[in-house]
*Asks:* 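Sharing a structure, written as structure tokens. Questions coming.
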Protein chains: 2
Amino acid sequence: MREFTPAELAFVKEFKADELHVDAGASFLREGASSEHLYTVLSGWAFRYKMLDDGRRQILNYALPADMVGLQGTLMHEMEHSVEALTPVTLCVFPRSKLWDLYAHFPSLAFDITWLAAREEQLIDENLVNLGRRSALERTAYLLLHLFVRADEAGLVKNGTIQFPFTQQHLADTLGMSLVHTNKTLKRLLLATNAIRWKDRVFEMTNRSLLVEIAGQDVTPRQSRPFI
Amino acid sequence: MREFTPAELAFVKEFKADELHVDAGASFLREGASSEHLYTVLSGWAFRYKMLDDGRRQILNYALPADMVGLQGTLMHEMEHSVEALTPVTLCVFPRSKLWDLYAHFPSLAFDITWLAAREEQLIDENLVNLGRRSALERTAYLLLHLFVRADEAGLVKNGTIQFPFTQQHLADTLGMSLVHTNKTLKRLLLATNAIRWKDRVFEMTNRSLLVEIAGQDVTPRQSRPFI
DNA sequence: CGGGTTCTTGACTAGTTTCAAGCAAAGTGG
DNA sequence: CCACTTTGCTTGAAACTAGTCAAGAACCCG
């Protein structure tokens, strides 16, 4: 992450109106609502999702510490997706009203926000390829790889191991598959290959290169990124 | 689209380094390349896509007049997707080097760029839900609705009719389905419902509300948008 | 120790891909 | 102007993949 100038730092400090704690399972941004705020995740996992009228849910992406959510709602009239806390989450709150000041006076920060938006788009693009063009097994392997790398970037991996807050239902809703089929695919991945371990909310990649081979493509971590 | 101030207008004019013509079928931005330029589509259709190593292709989204492509490649080190002209396309070229000047001196334009990025994200989000959670029939109906509305926004619809440049392979690669199944689904949509007509590259929506009913959700057009 | 949520499994059904072949329209070159 | 090739569309059958239903096991929490 790049260094701030003192002026930027002062502004960002003031920009940060508040800190917000959200319980696991609570949606703090909702589709259809016009959001007054923009958030940066300081700790915990959240996910962006959309629901269809009949209850089908699609998880679009996950947000980890240093990720920003709610920009769409701030720029457009209303949110087109919801965001739910997967674990207890701490958020940094930016009032929408100050976003314009930021653009007017701190172009470097404005640039960073655009960077973050472009990065988010990149992640969804990858997810889209995953759903559209990969088989269930490849898809699942790729998602796990993706989540592992992102958790690693956020510093959540400790000796090859992460605290993994997902239920299989979450993965199913991310992968666009049914719960049952996700379970069976996961089992195939676990037993047949032994490339991963996942038990009691703890996830471990025991054979990364094998997982990469199954996924058909590696996921490379970001070198640097802005943090606002 | 909002009005520019004279100063903005002057800058944008100068910013526009060049105009570029691309033949149908040519990829003018490529995954893995570091792009020196940012483009705005002035006329024609293009599409963003990603390829897997074995040749599978996923189309991520389409770009119509007034849409911007290549922002990711300008901000990041390299492009993570390619862009191909679907019809002959006219592009407006912005040199990457001037993007920073734009942010520094024209915050309103910077804001517009962020708006466009957020809008693009919104579209991919919708596409993701479509692939992940809708059946083949719903999915196809929704895509056609989506394309029709966007073409309409861009002023390409003339008495309920558009020049439709897609092959069924394009739709298949957008929908994440095989060509054969796309063909059969399309036929089901055509015959069983009579909600659309598509022949000789000309597309017509003969029964919009029925199509909406099949898709399970309507697509509402944008009211206003920036254009750079 | 319940009672709820999550995970697991098998059997059955529905949806989708693959393969293969034929057709139609458009484009190319002798 | 007519073979000939190419590209895109269409169709049926067979094989495979994924979803649904149902029920039981395991786990977690108060």
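Here is the naming used below: chain letters follow the sequence lines, and residue numbers restart at 1 for every chain.
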*Asks:* Separation of E138(B) atom CD from dA14(C) atom P, in whole Å?
*Replies:* 17 Å
*Asks:* Below the 4.0 Å mark, does dT8(C) have OP1 or OP2 next to a side-chain nitrogen or oxygen of Q168(A)?
*Replies:*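 Yes, because at least one side-chain N or O of Q168(A) sits under 4.0 Å from OP1 or OP2 of dT8(C).
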*Asks:* Can you measure R133(A) atom CZ to dT16(C) atom C1' for me and round it to whole angstrom units?
*Replies:* 12 Å
*Asks:* Return yes when atom CG of D53(A) has more than 12 non-hydrogen atoms of other residues, nucleotides or ligands closer than 6.0 Å, and no otherwise.
*Replies:* no
*Asks:* Between E120(A) and N61(A), does the side chain to side chain donor-acceptor pair (under 3.5 Å) criterion hold? Intermediate values first, please.
*Replies:* CA-CA 8 Å; E120(A) 177 71 16; N61(A) 197 8; 3.0 Å; yes
*Asks:* A quick test of your reading: do over 12 heavy atoms of other residues, nucleotides or ligands sit less than 6.0 Å from CZ of R197(A)?
*Replies:*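 For R197(A), atom CZ is not crowded (no more than 12 foreign heavy atoms under 6.0 Å).
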*Asks:* What is the first contacted nucleotide of DNA chain D and what is the last, in 5' to 3' order, if contact means an atom lying under 4.0 angstrom from a heavy atom of chain B?
*Replies:* dG8(D) to dA13(D)
*Asks:* Are H170(A) and F47(A), when compared by the centres of their aromatic rings, separated by less than 6.0 Å?
*Replies:*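 Yes, the ring of H170(A) comes within the 6.0 Å limit of the ring of F47(A), centre to centre.
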*Asks:* Reading DNA chain D from 5' onward, which residue's closest nucleotide shows up sooner: R139(A) or K199(A)?
*Replies:* R139(A)
*Asks:* Which parts of residues 169-180 of chain A get close to DNA chain D, meaning a heavy atom less than 4.0 angstrom away?
*Replies:* G176(A), M177(A), S178(A), V180(A)
*Asks:* Salt bridge or not for R225(A) and D67(A), using N-O below 4.0 Å?
*Replies:*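 Salt bridge between R225(A) and D67(A), a charged N being under 4.0 Å from a carboxylate O: yes.
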*Asks:* With the side chain counted from C-beta on, respond yes when E84(A) and Y49(A) share a heavy-atom pair under 4.5 Å apart, and no when they do not.
*Replies:* yes
*Asks:* Test: ring-ring contact (aromatic ring centres under 6.0 Å, His included). Region: residues 61-93 of chain B. Which pairs qualify, not counting sequence neighbours?
*Replies:*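 Pairs touching residues 61-93 of chain B that pass the test: Y62(B)-F166(B).
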*Asks:* Tell me: CZ of R188(B) to P of dA14(C), nearest whole Å?
*Replies:*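 It is 14 Å, rounded to the nearest whole Å.
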*Asks:* Could you check whether K184(A) gets within reach of a base, just the sugar-phosphate, or nothing at all, counting any heavy atom under 4.0 Å?
*Replies:* base
*Asks:* A quick test of your reading: do over 12 heavy atoms of other residues, nucleotides or ligands sit less than 6.0 Å from CD of E213(B)?
*Replies:* no
*Asks:* N183(A) CG to dC7(C) P: how many Å, rounded?
*Replies:*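 Those two atoms, CG and P, are 8 Å apart.
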